[in-house]
Structure formats: C-alpha cells, structure tokens
Amino acid sequence: PPTGLVALTFGTAGLRAKEGRGWNRMNAVTVALTSQGIADYIAEEGEIGEGEHAPSVCIGFDGREGSLQFATAAALSFASSGLKVYIFDALVPTPLLAFATRELRCRAGVMVTASHNPKEYNGYKVYWGNGCQIVPPHDAGIAACIEEELPIGPLPDPAGSPLVADPEAEVGAAYLR
C-alpha cells in the first residue's frame with residue numbers, strides 16, 4: 001500500500017476482515033495482491049513450470065456475499081503468474097477444498113470464507129499441498145512476499161484460459177468415497 005496507510009495483515013492461515021474499500025479491508029485488490037504474493041512464494045520455492053507442468057492452486061468459496069468475486073480475483077491473479085488454477089464453479093464446504101488441494105496435488109489451496117465471523121466479514125484461508133492450513137515457515141515466507149512491491153501481471157480471460165478449470169469432475173466422486 002502507499003506509504004503511511006495501514007494494510008490488511010496476512011495472519012493465521014490467511015486474511016480476515018470486513019469487506020470494503022481500502023488496503024485494510026477484504027476486497028478484490030487485497031485478494032489479488034495476496035494471491036500474487038503466494039504465487040511469488042511458490043516461485044521462490046522453485047515450483048514454476050509451464051503448461052501441464054505448471055504448479056497448481058485449488059480455490060473454493062462459500063455463500064457469503066463477495067466470496068465468488070474474491071475467488072475469481074484470486075484465480076485471475078494466480079493464472080496471470082502462470083499457475084494452473086482449479087476453481088469450483090459453485091460454493092463448497094471447506095473440507096472439500098482441503099481434500100481437492102491434496103487429491104489434485106496442488107501446491108496450495110485457497111478457501112474464501114470467514115466461517116463463524118459476522119456477515120460483514122470475509123476471509124481467505126490458505127492451505128498447503130498436504131491439505132492443511134499453512135504453518136511455519138510457509139506463513140512467514142508468504143507474508144514476506146505479499147509485503148513486497150507486487151506487480152500484477154495482465155489478467156487472462158478465465159473462460160478461455162487453459163490454466164483455469166473446474167475440479168469437480170476430478171475430485172467429487174473421490175471425496176464422497
């Protein structure tokens with residue numbers, strides 16, 4: 001954020017704040033910047049490839065107002081960094097996102113939800129490839145990447161991008177087993 005402004009802080013497994021305008025609120029800009037930071041962290045880990053060898057991220061969202069918009073902003077940011085993105089096209093429970101992250105062998109997963117918080121809040125929970133919420137040292141590494149000046153690449157058209165896909169067909173039946 002510009003000098004002197006208080007930014008939304010990446011904390012325990014992600015972000016959580018009231019929705020609204022500004023650097024200290026949940027909105028498409030803070031979600032895109034956070035997603036860019038995660039993509040940069042994955043790149044620092046040496047995980048960037050191309051095409052089918054590109055690392056992937058799975059994204060789910062709940063029924064809160066704004067969740068689909070934030071999930072889409074995250075997907076576009078990840079895809080602009082060259083990551084393959086699996087984004088559910090309907091709301092899903094958090095355990096399904098965690099399972100899909102592991103089942104699809106994604107490098108990370110993001111669940112847009114504020115769970116038990118009041119309705120004016122939303123959140124962005126980050127899961128690692130093992131399907132668990134991030135823990136040290138990943139949390140600090142991701143936070144450091146987010147805090148850097150982050151250029152956001154040109155955003156792809158999600159409908160026409162080979163990097164954006166719905167994972168339901170691949171993980172739905174396996175999850176219900």
Side-chain angles (χ1 to χ4, degrees), residues 1-45 56-83 85-94 97-98 101 106-128 132-159 161 163-164:
T3 305
L5 295 180
V6 176
L8 184 55
T9 304
F10 186 82
T12 308
L15 305 172
R16 189 178 312 107
K18 288 183 177 180
E19 292 184 31
R21 295 183 190 125
W23 295 104
N24 62 346
R25 299 280 190 235
M26 281 291 296
N27 56 58
V29 172
T30 56
V31 166
L33 290 173
T34 299
S35 301
Q36 181 68 52
I38 293 168
D40 290 349
Y41 180 74
I42 291 171
E44 285 181 5
E45 295 276 298
S56 56
V57 176
C58 191
I59 302 172
F61 58 94
D62 67 8
R64 283 181 183 255
E65 186 175 332
S67 289
L68 174 58
Q69 175 194 16
F70 298 151
T72 302
L76 293 173
S77 184
F78 286 128
S80 75
S81 296
L83 297 173
V85 178
Y86 294 100
I87 180 170
F88 287 95
D89 66 358
L91 57 92
V92 296
T94 301
L97 177 276
T101 299
C106 294
R107 193 68 175 109
V110 170
M111 182 67 190
V112 180
T113 180
S115 60
H116 62 279
N117 288 282
K119 66 179 183 178
E120 53 275 345
Y121 282 75
N122 213 325
Y124 179 108
K125 291 183 177 183
V126 181
Y127 294 80
W128 208 236
C132 298
Q133 287 188 8
I134 57 167
V135 295
H138 301 301
D139 58 351
I142 290 169
C145 286
I146 293 167
E147 291 173 10
E148 294 175 6
E149 294 284 332
L150 299 172
I152 296 178
L155 299 178
D157 174 9
S161 175
L163 293 175
V164 179

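Residues Ala75 and Ile87 come closest through the heavy atom pair CB-CD1, 4.0 Å. Nearest approach of Pro118 to Arg64, heavy atoms of both residues: O-NH1, 2.9 Å. Of all heavy-atom pairs spanning Ala73 and Ala28, the tightest one is CB-O, 3.9 Å. Considering every non-hydrogen atom in both Ser80 and Gln36, the closest pair reads OG-OE1, 4.2 Å. A pairwise comparison of heavy atoms in Phe61 and Ala71 identifies CD2-CB, 3.8 Å as the closest pair. For the pair Val92 and Gly60, the tightest heavy-atom approach, listed with the atom from each and the gap, is CG2-CA, 3.9 Å.
Asn122 and Ser67 are linked by a side-chain donor-acceptor pair at a separation below 3.5 angstrom, with hydrogens and angles left out of the test.
Note that NZ of Lys125 is 8.5 Å distant from CE of Met111, once rounded to the nearest 0.5 Å. For the atom pair CZ (Arg16) and CE (Met26), the distance works out to 10.0 Å, reported to the nearest 0.5 Å. Separation of atoms CG (Asp139) and CD1 (Ile134) is listed at 5.5 Å; rounding is to 0.5 Å. Interatomic distance, CG of Leu15 versus OG1 of Thr34, reported as 4.0 Å (0.5 Å rounding).
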*Chi angles and distances behind the side chain to side chain contact (heavy atoms under 4.5 Å, CB included) call for Val57, Ile38*: CA-CA 10 Å; Val57 176; Ile38 293 168; 5.6 Å; no
*Take Trp128 and Ile142, measure what side chain to side chain contact (heavy atoms under 4.5 Å, CB included) needs, and give me the verdict at the end.*
CA-CA 11 Å; Trp128 208 236; Ile142 290 169; 4.2 Å; yes
*Decide yes or no on side chain to side chain contact (heavy atoms under 4.5 Å, CB included) for Tyr127 and Cys58, but give the supporting numbers first.*
CA-CA 9 Å; Tyr127 294 80; Cys58 191; over 6 Å; no
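Contact check for Trp23 versus Val29: side-chain heavy atoms found under the 4.5 Å cut-off. Considering only heavy atoms from C-beta on, Asn117 comes within 4.5 Å of Ser115 through its side chain. Contact annotation: the side chain of Asn27 approaches that of Thr30 to within less than 4.5 Å [non-hydrogen atoms, C-beta and beyond].
Taking a cutoff of 4.0 Å between a charged side-chain nitrogen and a carboxylate oxygen, Glu45 and Arg107 qualify as a salt bridge.
Using the six-membered ring where Trp is involved, His138 and Tyr41 have ring planes that are perpendicular, over 60° apart on the 30 and 60° scheme.
Shown are Phe78, Phe88, Tyr86; of these, the side-chain contact (heavy atoms from CB on, under 4.5 Å) with Ile59 is made only by Phe78.
At least one donor-acceptor pair closer than 3.5 Å links the side chain of Thr72 to the backbone N or O of Leu68.
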